[in-house]
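Shown next, in structure tokens, is the structure this report addresses.
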Amino acid sequence: MFQSKIAGLGYYVPKNVYTNNDLTRFMDTSDEWIQERTGIKERRYANRIGETTTSMAVEASKIAIERANTTAEEIDFVIFATLSPDYYFPGCGVLLQREMGMKEIGALDVRNQCSGFVYALSIADQFIKTGMYKNILVVGSEKHSFALDFSTRGRAVSVIFGDGAGAVVLQPTSEEGKGILSTHLHSDGSEAEKLAMYYPGASAGYYLGENMPEWPNVELGEMLMTKEMLEDGSAFPYMDGQAVFKKAVVKFPEVIGEALAKNNLKTTDIDMLIPHQANLRISQFVQKTLGLSDDKVFNNIQKYGNTTAASVPIALCEAWEEGRIKDGELVCLAAFGAGFTWGSALIRW
């Protein structure tokens with residue numbers, strides 16, 4: 001079996017910068033309130049029209065493909081992770097394939113939210129190892145800004161998220177001990193409703209129990225979305241921040257430890273940890289738990305916010321561009337998000 005390596009990587013963030021102070025024009029909040037709870041100072045928002053989840057992915061992918069010394073025509077599989085697709089269906093994978101003029105290759109869409117990129121990377125790794133594909137484009141891209149509640153009612157969620165895209169190209173390598181050493185994926189759906197966007201959805205709120213909405217008394221249809229949902233805010237994403245924090249600070253170190261144990265390595269062997277940029281307070285808690293120094297953990301949530309599936313590839317690419325990841329170093333990727341889902345990947349660069 002082959003090993004898989006990241007041959008090229010790239011990222012794209014929109015030009016529109018919104019600081020915490022900018023958000024005070026829309027809701028009752030403050031720079032101090034946001035930074036204290038999240039560590040975020042600013043984020044990027046895509047253009048309302050013309051800039052999409054797919055178009056941002058295209059820009060990130062172009063850079064990754066060029067750095068991998070290949071072309072879009074040579075990509076033989078696409079894996080696209082996002083929670084904010086351009087359409088309810090079809091997925092963004094086929095839109096990316098079309099926009100980049102690729103061959104009629106397979107395109108897989110991954111819906112694991114904040115853990116999406118790590119899940120997608122793990123899938124790509126298996127395809128490379130078995131020799132099925134030789135150039136796999138793995139993408140994480142998000143456009144949150146079009147579907148957030150920019151009011152005081154929704155501030156606990158809306159101040160956290162930003163837009164952007166990251167991409168890598170995976171290729172086989174014969175170098176001993178190089179590339180992706182192992183990946184580890186987990187889920188626990190027992191608290192799925194703690195971080196979710198319930199509507200539109202085929203459950204019609206069934207799992208919400210007594211909080212299920214009242215639907216029109218008709219025989220068929222009219223259960224995707226109602227005017228009342230838009231008015232009362234139930235159409236927007238919901239998050240129980242405390243529940244997410246408590247679970248994340250346990251599962252992050254746990255899945256990182258699992259990856260190290262699998263490869264007979266220790267925490268002190270990590271040269272760079274790239275955590276999903278969920279919340280700076282979570283990253284700092286994990287860093288302290290693992291006993292890692294500041295130079296071994298990369299955070300950029302301060303300027304981009306939480307870009308969910310895009311956050312790991314954006315941070316990975318930025319860290320590499322800044323020279324903080326060098327040949328032969330041990331890099332650990334880790335993510336935790338809605339589902340709950342979480343995962344890690346250990347890479348010898």
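Computed over heavy atoms, backbone and side chain alike; hydrogens, waters and symmetry mates excluded. All values derive from a computational prediction rather than experimental measurement.
Between Leu137 atom CG and Ile65 atom CD1 the span is 5.0 Å, to the nearest 0.5 Å. Between atom CG of residue Asn263 and atom CG of residue Leu181 there is a gap of 5.0 Å, rounded to the nearest 0.5 Å. From Leu23, atom CG reaches atom CZ of Phe26 across 7.0 Å, with rounding to the nearest 0.5 Å. For the atom pair NE2 of His186 and CD of Glu254, the computed distance is 7.0 Å after rounding to the nearest 0.5 Å. In this structure, the separation between CG on Asn112 and CH2 on Trp342 is 11.5 Å, given to the nearest 0.5 Å. Interatomic distance, Glu59 CD to Glu51 CD, rounded to the nearest 0.5 Å: 8.5 Å.
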Q. side-chain hydrogen bond (donor to acceptor under 3.5 Å, both in side chains) between Ser293 and Asp295: does it pass, once the steps are laid out?
A. CA-CA 6 Å; Ser293 56; Asp295 63 320; 2.3 Å; yes

Q | CA sep, side-chain torsions, deciding dist, call: Asn20, Arg43, side-chain hydrogen bond (donor to acceptor under 3.5 Å, both in side chains) | A | CA-CA 8 Å; Asn20 293 338; Arg43 71 287 294 150; 2.9 Å; yes

Q) Please walk me through it: do Glu175 and Lys178 pass salt bridge (Lys or Arg N to Asp or Glu O under 4.0 Å)? A) CA-CA 6 Å; Glu175 287 190 77; Lys178 284 291 188 75; 3.5 Å; yes

Q: Run the numbers on Glu318 and Asn300 for side-chain hydrogen bond (donor to acceptor under 3.5 Å, both in side chains), then give the verdict.
A: CA-CA 9 Å; Glu318 196 166 60; Asn300 60 6; 3.0 Å; yes

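Annotation: Gln242, atom CD; neighbour count of heavy atoms from other residues, nucleotides and ligands within 6.0 Å does not exceed 12. Atom CZ of Phe146 has more than 12 heavy atoms from other residues, nucleotides or ligands within 6.0 Å. Under a cut-off of 6.0 angstrom, the local environment of CZ in Phe298 is crowded, with over 12 non-hydrogen atoms contributed by other residues, nucleotides or ligands.
Taking 4.5 Å as the limit, every side-chain heavy atom of Gln287 sits out of range of all side-chain heavy atoms of Pro253. Side-chain contact between Glu66 and Thr71 is absent, with no heavy atoms from C-beta onward closer than 4.5 Å.
Put simply, the side chain of Ser344 gets close to the backbone of Val255: a donor and an acceptor are under 3.5 Å apart. Listed for the Asp271 side chain is a donor-acceptor partner under 3.5 Å among the backbone atoms of Leu330. For the pair Gln97 (side chain) and Lys103 (backbone), a donor-acceptor distance under 3.5 Å is present. With Asn279 contributing its side chain and Phe245 its backbone, the two residues share no donor-acceptor pair below 3.5 Å. Checked by atom type and distance alone, the side chain of Asp188 never pairs as donor or acceptor with a backbone atom of Gly339 at under 3.5 Å. Judged purely by atom type and a 3.5 angstrom limit, Lys134 has no side-chain atom pairing as donor or acceptor with the backbone of Gly131. At least one donor-acceptor pair under 3.5 Å links the side chain of Lys143 to the backbone N or O of Arg48.
Residues Asp125 and Ser4 bring a donor and an acceptor atom of their side chains to less than 3.5 Å of each other. Between the side chains of Thr82 and Glu142, a donor-acceptor pair is found at a separation under 3.5 Å.
Two different hydrophobic clusters hold Leu83 and Ile301 under the rule that ILVMFWY side chains link at heavy-atom gaps under 4.5 Å. Criterion: ILVMFWY side-chain heavy atoms under 4.5 Å apart, direct or through other members. Under it, Ile136 and Phe117 are part of a common hydrophobic cluster.
Under a cutoff of 6.0 Å and an axis angle of 45°, Arg155 and Trp33 form a cation-pi pair.
Across Ile40 and Gly305, no two heavy atoms sit closer than the pair CD1-CA, 3.9 Å. Taking both residues in full, the closest heavy atoms of Ile256 and Ala334 are given as CG1-CB, 3.8 Å, listed atom of the first, atom of the second, then distance. Heavy-atom minimum distance, Trp349 versus Asp327: O-OD1, 3.5 Å.
Looking at Arg67 and Glu321, a side-chain N of the basic residue comes within less than 4.0 Å of a carboxylate O on the acidic one, giving a salt bridge.
Proximity of the aromatic rings of Phe150 and Tyr45 is defined here by a centroid distance below 6.0 angstrom, and this criterion is met.
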